[in-house]
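Hydrogens, waters and symmetry mates are skipped; everything else that's a heavy atom, side chains included, is used. Residue numbers count from 1 along this sequence.
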Amino acid sequence: MRGLFSLVVVLLVVLMAVTSEAGKNNEDKGKGKSGSDCSEWVWGPCVPNRRDCGAGSRQGTCQEETKKLKCRVPCNWKKDFGADCKYKFGRWEECDTVTGVKNRSGILKKAMYNAECLPTIQVSTPCSPKTKSKSKGKKGKGKEN
């Protein structure tokens with residue numbers, strides 16, 4: 001039984017090695033045909049297929065070659081600075097009682113696909129109303145006596 005198990009393991013290792021080499025040869029052949037020696041790809045923004053968020057695609061060009069990649073635009077993205085600009089945000093400032101908004105600023109962390117991003121941005125949101133404390137009358141769905 002051990003001999004049979006050893007033989008199966010050896011055959012699996014050989015089979016994996018052969019298929020790995022075959023895959024490498026196919027990749028080398030593909031490179032010669034496509035002529036994709038381009039290193040300076042310029043990528044456009046991610047354009048959603050429907051509405052303003054969700055699955056979509058982005059187009060890239062390099063010399064005379066074009067490619068299309070699948071991408072996804074988050075539905076909570078900030079349209080002011082785009083989905084390809086990633087920022088590190090600080091804490092929210094105190095609420096400005098005159099304007100009724102609070103602000104925070106962000107510093108550019110990463111620009112994906114060569115996106116043109118501002119080095120710093122400022123976002124604002126309406127101030128939330130004062131939160132009411134929960135009443136202590138009923139505590140839950142416990143058994144009543």
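Ring geometry for F89 against Y87 counts as tilted: the plane angle lies between 30° and 60°, on a 0 to 90° scale.
Nearest heavy atom pair, residue S39 against residue C62, reads N-SG, 4.2 Å. Nearest heavy-atom pair, E94 versus K102, reported as atom, atom and distance to 0.1 Å: O-CB, 4.2 Å. Taking both residues in full, the closest heavy atoms of E65 and W41 are given as O-CZ3, 3.9 Å, listed atom of the first, atom of the second, then distance. The heavy-atom pair separating K86 from M112 by the smallest distance is CE-SD, 3.6 Å. Summarising the geometry of G56 relative to N49, their closest heavy-atom pair is CA-OD1, 3.5 Å, with the distance given to 0.1 Å. In this structure, R104 and G90 approach most closely via the heavy-atom pair CD-O, 3.4 Å.
The line from NZ of K109 to SG of C117 is 12.5 Å long, rounded to the nearest 0.5 Å. Distance check, rounded to the nearest 0.5 Å: NZ of K88 to CD1 of I107 gives 9.5 Å. From I121, atom CD1 reaches atom OG of S105 across 9.0 Å, with rounding to the nearest 0.5 Å. Taking NZ of K70 as the reference point, atom CZ of R58 lies at 14.5 Å (rounded to 0.5 Å). Taking CD from Q59 and SG from C71, the interatomic distance works out to 11.5 Å, rounded to the nearest 0.5 Å. Residue R72 holds its CZ atom at 13.5 Å from OG of S57, rounded to the nearest 0.5 Å.
If you chain together hydrophobic residues whose side chains sit under 4.5 Å apart, L118 and V123 fall into the same group.
Other residues, nucleotides and ligands contribute over 12 non-hydrogen atoms within 6.0 Å of the CG atom of L69.
Side-chain contact check for W43 versus K67: some heavy-atom pair is nearer than 4.5 Å.
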Criterion side-chain contact (heavy atoms from CB on, under 4.5 Å) on W92 and T125, from CA distance to verdict: CA-CA 9 Å; W92 287 104; T125 188; 3.5 Å; yes
Does the salt bridge (Lys or Arg N to Asp or Glu O under 4.0 Å) test come out yes or no for K110 and D84, once each step is laid out? CA-CA 8 Å; K110 185 177 186 180; D84 292 334; over 6 Å; no
